[in-house]
Amino acid sequence: MSATAPHRAVRGGFALLLRAEWTKFRTVRGWVVATAAAALVTVLLGLLSASGSHQSCDGVCPAVPVGPGGEAVEDKFYFVHRPLEGDGSITVRVTSMTGQIRLPDLTPGNRRVISGVVPWAKAGIMIKESMKQGSAYAAVMVTGKHGVRMQHNFTQDVAGSPGGVSKQSPRWLRLTRSGEELTGYESADGRQWTKVGTAHLTGLPAAVQVGLFSASPGDLTVTPGDFGGSSAASRFAEATAVFDQVSLQGPVGGGTWRPDDVGVTLNPDGSAHHPGGFKESGSTYTVTGVGDIAPLSDGQQIENTLTGVLTGLIVVIVVAVMFITAEYRRGLIRTTLLAGPRRGRTLAAKALAIGLVTFVAGLAATTAAVAFGEQVLRANGNYILPVTVFTELRVIVGTAVLFAAAAVLALAVGTLFRRSVAAVIVAIVVIVVPYILATASVLPASAAQWLLRLTPAAGFAIQQSIPEYAHVLGNYAPSAGYYPLAPWAGLAVLCGYAALALGLAIFQLRRRDA
Amino acid sequence: MRQQLYAEWTKLRTVAGTGWLLAGLITLTVTVSVVAAAAVSCTSAGCNYDPAKISLFGVQVGQAMVAILAVLAISGEYSTGMIRTTLAAMPRRVTVLAAKAAVVTGLTLAAGTVSVLASMMVGRRILLDNGFTRGPGTPMLSLAEGPMLRAAFGSVLYLALIALLSLGIAAAVRDSATAIGAVLGLLYILSILPFMIADPVWQKLLWQLSPMNAGLAIQATTHLSTLPLSPWAGLGVLAAWAAAALLGGGLLLRLRDA
């Protein structure tokens, strides 16, 4: 009978340890209040920064087009098109691509315009579902600095051969459509064709638009801010391409080409602001376009409602550190280790308890912050970049995991140091400070990115809701909310640090005298 | 007062952490400054970075060490119960706080001077080797020129004010973990809040109120006209924070039971 007692103790052991740790946490009023305060501060600071963001348009803000993948897109280009009712193909030769770029004004009001093309200026052939902005498309194009590309549905991009076009080295492009399958080809001479890529446009109707297009995103300059961070400015740029040898196959209707300046911005008097253009002389077509066909990153991101997390984290770190150092200070640790002599399991139970508590508090906070913050942002006229439900859940739940992992890391550091001050400092310096230095200081972007790869602050990557696109030039710096690691990879770095620290803490706890 | 100073100096000198913290202040400040300076790359058109801010970048991390030193100087006594002995031996509580402030400030000034000068010289060397210029044809300021001297001297003062602010907060809060969390939160979180708010009026106000942002304005040597506060006014904001914290801490120390 007495021999079975230890067995029972071991079996019920971990649950009992966990319950003991939970009891310790919930009976210290200061810790419970502080954890609730951390959640509250997270929500309130998020709402404060949301209420500080205002956006207004003259009259009604124009609706932002949404692409087939659900993301906000810019769909602004010059399109010379004809209807295609069924399978078919278009073949052209591009003999030139030129353009102009506006440079920063040296004296205010004095426009400086030079000729040239921006890296992602694009011109070529396109098959598009309809003339509605944001509708599905596939296109083969030449670009300013990135050679031939095949792109479809805004987010997809495949590289063809590099190099620009000129009269001496023209580029032949072909796009064929067979049902929902579109295939792009390129050639240097019009005889030897190589495949660039294929696109599958689900639900593409029989009747589509086929034609020539041209577009040029603005010229982007990024300047470091005076107080830190960086600011990006984009100035007008346009691209002009010359096409000849245009041939269409298949049931093409319409008779003549129809030019359309898709999505052009209108001045208050109704005229077009930076209009594109189309010239036809014999069998040569010149198309000039302004704008871009790409995912949009201009707008509020849902993670902008989570600005309070940093403050909440500091409170959570303090509580998690005290959860263990208070035991050392009051001598309770000796009782704890007497009751749970298997020290590794005891500390694991402690880590699980504080992790669960902070996860639940964090989840409540992030859910409320995102839900209410979005409402406040919308009420202030802000446009929130749409994301999928999964992305929104990832941001909300991931940030709660961030809270929990930070708490476990802080607890482990507290066990290693046994002193609250040193442990709090170390936890804040490794989790919070790198994030602040990377996003809001005069540190150059490359150094900031290394900080967010190597330190536990990498975990903040879980908050990034809008991905970085290789085929769109942007200010992808930490200060603009873009992290060098993928969301889950970043969180994994933080969790790795937490696990490593907990392992070390267990090792030390077993070795040392209490 | 001399006896109190001597007592506080003896306590701080004989606590194991002090030497490590001061060494940490110097090492962290210089290392982080060097890394920041090495990370700056310039284009032929010139550099958009402020050479003083970059070569003194480590102060932003090193200040954490100063904060610990100052917090421990008082809350360490609360956690061991030493504070009761201290107050029994020196019943004039405000004088005790003043003596602590003087000793901590003195140590910070000494170690701060070493770290700032070392960072400034090494940082400048690295920046020059990387071809740092202020613009086409304009060489970098020498260390003896007005703005650079002000940045260096001001950064040492900045560290001393951080010590006083931390001491005041620790005297008010007493618990070491809470005090250090409050100090670091006040410094780092308030410094990042302006970047999270889009409204320019709020942004400017929060920037001016933040002890770290306003205080570090003392390091600015370029684009002075675009700063929300002039360098010395910025350091003044931090001084006001430190004075308020010391006043509050002193009052509470006088009024409360130990």
Side-chain angles (χ1 to χ4, degrees), chain A residues 30 34 41 45-46 48-55 223-230 300 304 306-308 310-311 313-315 317-319 321-322 325-326 329 380 382 414 419-426 428-429 432-437 439-448 450 479, chain B residues 17 28 32 35-36 38-41 47-50 53-54 57 60-61 64-65 67-68 71-72 75-76 79-80 170 175-182 184-185 187-203 206-207 212-213 216-217 219-220 222-224 226-228:
Chain A
V41 150
L45 277 178
L48 174 73
S49 70
S51 63
S53 302
H54 292 273
Q55 188 75 50
T223 40
D226 293 325
F227 325 140
S230 59
Q300 291 281 350
N304 291 359
L306 291 174
T307 49
L310 221 46
T311 316
L313 263 182
I314 289 198
V315 182
I317 286 172
V318 171
V319 171
V321 164
M322 285 169 81
T325 54
R329 216 171 86 199
N380 286 345
N382 294 286
R419 298 271 182 86
S420 4
V421 176
V424 168
I425 287 272
V426 167
I428 290 179
V429 164
V432 178
V433 173
Y435 174 79
I436 290 175
L437 295 185
T439 55
S441 76
V442 290
L443 209 59
S446 60
W450 277 110
S479 57
Chain B
L28 260 182
V32 175
V35 170
V40 168
S41 60
C47 297
N48 270 314
Y49 297 102
D50 186 330
K53 265 191 203 168
I54 288 287
F57 190 75
Q60 298 189 32
V61 184
M65 296 296 125
I68 314 179
V71 165
L72 280 183
S75 66
S79 56
T80 54
D175 179 74
S176 49
T178 317
I180 203 71
L184 294 194
L187 290 179
Y188 289 116
I189 300 296
L190 211 53
S191 83
I192 197 175
L193 269 189
F195 296 92
M196 295 176 162
I197 290 181
D199 188 78
V201 179
W202 270 94
Q203 220 176 27
L206 280 173
W207 197 96
M212 181 169 152
N213 285 334
L216 285 175
Q219 294 182 346
T222 56
H223 304 291
L224 284 182
T226 58
L227 281 180

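So you know, we letter chains A, B, ... as the sequences are listed, proteins then strands, and number each from 1.
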Engineer: Under 4.5 Å, counting heavy-atom pairs only, tell me which of B:L216, B:I68, B:L187, B:L190 racks up the most with chain A.
Structural biologist: B:I68
Engineer: Output, in order, the C-alpha distance, side-chain angles, deciding distance and verdict of side-chain contact (heavy atoms from CB on, under 4.5 Å) for B:W207 and B:L227.
Structural biologist: CA-CA 10 Å; B:W207 197 96; B:L227 281 180; 4.2 Å; yes
Engineer: What part of A:L45 is in contact with chain B, defined as an atom under 4.5 angstrom from a non-hydrogen atom: side chain, backbone, both or neither?
Structural biologist: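 When you check distances to chain B, only side chain atoms of A:L45 fall under 4.5 Å.
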Engineer: Does any heavy atom of chain B fall under 4.5 Å from the side chain of A:S446, the backbone, both, or neither of them?
Structural biologist: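 Side chain of A:S446 only, per the 4.5 Å heavy-atom cut-off to chain B.
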Engineer: Between B:Y188 and B:Q60, is there a donor-acceptor pair closer than 3.5 Å when you use the side chain of the first and the backbone of the second?
Structural biologist: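 Yes, the answer is positive, given that a donor and an acceptor are paired below the 3.5 Å cut-off.
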Engineer: Check step by step if side-chain contact (heavy atoms from CB on, under 4.5 Å) holds for A:V41 and A:V315.
Structural biologist: CA-CA 9 Å; A:V41 150; A:V315 182; 5.7 Å; no
Engineer: Compare every heavy atom of B:A67 with every heavy atom of B:L184, then report the nearest pair and how far apart it is.
Structural biologist: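 Where B:L184 meets B:A67 most closely, the heavy atoms are CD2-CB, 4.4 Å.
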Engineer: Give the minimum heavy-atom separation between A:I436 and B:S191, together with the two atoms involved.
Structural biologist: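 Closest approach of A:I436 to B:S191, heavy atoms only: CG2-OG, 4.0 Å.
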Engineer: Please classify the contact between A:V429 and chain B as side chain, backbone, both or neither, with a heavy-atom cut-off of under 4.5 Å.
Structural biologist: side chain
Engineer: If you tally heavy-atom pairs under 4.5 Å against chain B, which of A:L313, A:I314, A:L48 wins?
Structural biologist: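 It is A:I314.
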Engineer: Flag the one option from B:L72, B:V71, B:L206 with the top tally of heavy-atom pairs under 4.5 Å to chain A.
Structural biologist: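 The candidate making the most pairs under 4.5 Å is B:L72.
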Engineer: Would you mind checking which part of B:V35 comes under 4.5 Å of any heavy atom in chain A, side chain (CB onward), backbone (N, CA, C, O), both or neither?
Structural biologist: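 Neither; nothing under 4.5 Å.
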Engineer: Give, for atom OG of B:S176 and atom CZ of A:R419, the distance between the pair rounded to the nearest 0.5 Å.
Structural biologist: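 One finds 9.5 Å between OG of B:S176 and CZ of A:R419.
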Engineer: Considering only heavy atoms, which portion of A:L310 lies under 4.5 Å from any heavy atom of chain B: side chain, backbone, both, or neither?
Structural biologist: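 When you check distances to chain B, atoms from both the backbone and side chain of A:L310 fall under 4.5 Å.
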Engineer: If we define contacts as heavy-atom pairs under 4.5 Å, which of A:V424, A:V421, A:N304, A:V319 has the most with chain B?
Structural biologist: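 Ranked by heavy-atom pairs under 4.5 Å with chain B, first place is A:V421.
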Engineer: Which value, rounded to the nearest 0.5 Å, describes the distance between B:I180 atom CD1 and B:S75 atom OG?
Structural biologist: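 Taking CD1 in B:I180 and OG in B:S75, the distance rounds to 7.5 Å.
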Engineer: Which one, A:T325, A:T307, A:I428, leads in non-hydrogen pairs under 4.5 Å with chain B?
Structural biologist: A:T307
Engineer: How far apart are the closest heavy atoms of A:G414 and A:A423, and which atoms are they?
Structural biologist: CA-CB, 3.5 Å
Engineer: Specify which of B:L193, B:T80, B:D175 makes the most heavy-atom pairs with chain A at under 4.5 Å.
Structural biologist: B:D175
